[in-house]
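Labels below follow one simple rule: chain letters A, B, ... track the order of the sequence lines, proteins then strands, and each chain is numbered from 1. Note that these values count all heavy atoms, side chains included, but never hydrogens, waters or copies made by symmetry.
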Number of protein chains: 2
Amino acid sequence: VTERIAILGTGLIGGSIGLALRGRGDDVVVVGYDIDPAGLEGAVARGAIDEASESAAVAVAGADLVVLAMPVDRMEAVCRSIEGAVPPEAVVTDVGSSKSRIVGQGESSFGERFIGGHPMAGSERHGIDAADGDLFDGAWWILTPTHGTHSAPYRRVASLAAAVRARPIAIAPDVHDDLVARLSHVPQIAASALVDAAATAGDREALLGLAAGGFRDVTRIAASNPDLWVAILRSNSASVLEALRGLGRRLEAVAGMLEAERWSELRDFLDRARVARTELFRKPVYAGDPAALGFLIPDKPGVLAEVTTTAANLGVNIEDLKIVHSTEGGRGRLVLVVSGREAAERLMGELGALGYRAERIEIDD
Amino acid sequence: VTERIAILGTGLIGGSIGLALRGRGDDVVVVGYDIDPAGLEGAVARGAIDEASESAAVAVAGADLVVLAMPVDRMEAVCRSIEGAVPPEAVVTDVGSSKSRIVGQGESSFGERFIGGHPMAGSERHGIDAADGDLFDGAWWILTPTHGTHSAPYRRVASLAAAVRARPIAIAPDVHDDLVARLSHVPQIAASALVDAAATAGDREALLGLAAGGFRDVTRIAASNPDLWVAILRSNSASVLEALRGLGRRLEAVAGMLEAERWSELRDFLDRARVARTELFRKPVYAGDPAALGFLIPDKPGVLAEVTTTAANLGVNIEDLKIVHSTEGGRGRLVLVVSGREAAERLMGELGALGYRAERIEIDD
């Protein structure tokens, strides 16, 4: 049967998803809507969508999967506005750069049919012209399951990520928000501040063109769209503020080392960063036939976050997860399907150290 | 006649200069020395030098041009140690990332035969294995003339830069030091601090691998050699401290905007940086037949800095410069040769606005 996927917001991310999906030749119809008519027309012209809809409500009618790909400051309102139009069996996901608030609204609007997501790919460019069917190739696509998450919608969204050649991985929403504050939102602010500090040297501005490749690399993301970034920083402001203060403390510490000529301390600082940067992009183990683990968990918030984040820390991908809540409350059973037996063993060991008694089980479809 | 060029320090920069020079097939002999015997052997093996010398003094004996390419913390001592060994007609230059102190020592050791230089190209890698004959292709190579600078040695060093396919440009030493603090040294510290702030999230360190391309770009230079960087930051610590405080103030201002929810102010900040970043790498005018300008200048420090920095600001390259000091003191005559008549006209206009009465003259060889 033909599957119908509705993409709301056909800019860089939404357009790239459409291009990647339509490039596969699967039996899928991609329907798109964008509040900017030119952007929507561009999505049709570029072949990112099969059909342009006249409204978000029309786009989601009859859809099997709805992807929210508008700027983060509009997601909560869009959730509320399409609540009644999304078919009762459809799964809804988003691609927003912050998760706690959006997942809260998504679950309030769509219940267990909502799964939050965030592809870790992007560009300093934006809009449909910058869309690229290869944008997600090999990139991580974070999914943010909660205690309300069920198996079928989780698998549906994980398979969307895999279909565009990304690598789905599960992390709790609040851990995600703290992580992206440090990996994306504060680096964005720092890049802008570095350009600003260099550029406001009055009549020396033209000399900036003398900069070497290092400055180009460091400041490339400062060319990004400011409206999108205000929306992102606003939606994650508590985590961003905390991470920004952490950066400020480190810069003050370095200034202190320079002032007091504590050169060996400065060397240690630079060397620690060098080691961390060099280790940064080791590829986690991520291959093999699916293997399942089952174990009892206390039926309360925080536990699923601990389990999924432990798996992500190990580079273990969760292909499926299912929570069976006990009818008596207080306990539940969690079943995880991960990629590869070796990964399952490592995760079991780590969970054991955290007090969970996980065991290998047969995969049950 | 065969020219003899001595490169002291055959690492990334020295080795790359050797590779670029020897790749041209000119009638040149490149002699090298390095305190690390393995590095020196590597330079021979990679074809970066024709001859390996057993000491710096042996390398410079008989040289026409000496290039100091060791780490900046060793340059002043090397200047003093080879003072007596450098032939009286030889020109000496360096490639250090900070200039005021090194140029002071260089002129003290070699007088008008010393011309400070800094190629704006590099890599987070180091050593002869990272050397690359194309490293300087199209890159700026800053020369830092002073009131002590004469024509012949300036032209000799500018032609070395051109020979390795870089674009020589003149800026005063102190302006250079302030500029690189903001374009290179503080971005280096910020990149390390961003990695450190991300990496010290305890058990979440493995999650760093989820970072998208933006974080990779911003933090790439954090993988650089910490010993080289301590030496660089130490040699330019006053300018670095000032620039670091400028960055800190901007980050604090952004934190204030987040806290007080001043979103339009945050947008303005990000937009200003976006515009500056987008304008950053406009190519300055840099072509045409040589054109000469002559004018009187007060014979005092600061004047040559103003003139050369004005030219650099306009993207006007100074191919030659000659200062004729008046025997009565108080006044001197400056002759500049720049690339292209159009550039000469623009520079003349700008100098006129600063009170200099420059006029076009015939080029006199």
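- The candidate with the highest count of non-hydrogen atom pairs below 4.5 Å against chain A, out of B/P226, B/A211, B/A139, B/S184, is B/P226.
- Of the two parts of B/A121, only the backbone, made up of N, CA, C and O, holds a non-hydrogen atom closer than 4.5 Å to a non-hydrogen atom of chain A.
- What you find for A/P71 and A/L228 is that their closest heavy atoms are CG-CD2, 3.6 Å.
- For B/R277 (side chain) and A/R216 (main-chain N/O), a donor-acceptor pair under 3.5 Å exists by modelled atom type.
- When the candidates B/G246, B/A190, B/A222 are compared by the number of heavy-atom contacts under 4.5 Å with chain A, B/A222 comes out ahead.
- Both the backbone and the side chain of A/R267 come within less than 4.5 Å of a heavy atom of chain B.
- Most heavy-atom pairs under 4.5 Å with chain B: of the set A/A255, A/G214, A/S237, this distinction falls to A/A255.
- Residue contact with chain B, scored on non-hydrogen atoms closer than 4.5 Å, involves the side chain of A/R245 exclusively.
- Between chain B and the residues A/V218, A/L270, A/V195, A/L183, the most heavy-atom pairs under 4.5 angstrom are made by A/L183.
- Judged by distance alone, with hydrogens and angles left aside, the side-chain atoms of B/R182 form a donor-acceptor pair with the main-chain N or O of A/A198 at under 3.5 Å.
- Taking CG of B/L179 as the reference point, atom NE2 of B/H185 lies at 10.0 Å (rounded to 0.5 Å).
- Scanning all heavy atoms of the two residues, the minimum distance from A/I221 to A/A191 falls at CG1-CB, 3.7 Å.
- In this structure, chain B has heavy atoms under 4.5 Å from both the backbone and the side chain of A/E259.
- For chain A, the option among B/M120, B/R234, B/E261 with the highest count of heavy-atom pairs below 4.5 Å is B/R234.
- Within the 4.5 angstrom heavy-atom criterion, only backbone atoms of B/S224 (N, CA, C, O) approach chain A.
- Of all heavy-atom pairs spanning B/S97 and B/V72, the tightest one is N-CG1, 3.5 Å.
- Contacts of A/L244 with chain B are made by side-chain atoms alone, with heavy-atom separations under 4.5 Å and no backbone atom involved.
- The contact between B/R272 and chain A is made entirely by side chain atoms (from C-beta outward), counting heavy-atom distances below 4.5 Å.
- Ranking B/I142, B/V254, B/V186, B/V240 against chain A, the residue ahead of the rest is B/V254, based on heavy-atom pairs under 4.5 Å.
- Shown here for B/I13 and B/F136, the closest heavy-atom pair between the two residues is O-CZ, 3.9 Å.
- Per-residue heavy-atom pair counts under 4.5 Å with chain B were compared for A/L233, A/N225, A/T310, and the maximum is reached by A/L233.
- Highest contact tally toward chain B, considering only A/R250, A/R274, A/M257, A/R220, is held by A/R250 [criterion: heavy-atom pairs under 4.5 Å].
- Contacts of A/L251 with chain B are made by both backbone and side-chain atoms, with heavy-atom separations under 4.5 Å.
- Put simply, the side chain of B/K99 gets close to the backbone of B/G117: a donor and an acceptor are under 3.5 Å apart.
- Under a 3.5 Å cut-off, the side chain of A/R167 and the backbone N or O of A/W140 do not form any donor-acceptor pair.
- Ranked by heavy-atom pairs under 4.5 Å with chain A, the list B/I171, B/L241, B/D268 is led by B/L241.
- The main-chain N or O of B/D132 is found under 3.5 Å from a side-chain atom of B/S16 such that the two form a donor-acceptor pair.
- Remark: side-chain polar atoms of A/N236 are paired, donor with acceptor, to backbone N or O of A/D177 under 3.5 angstrom.
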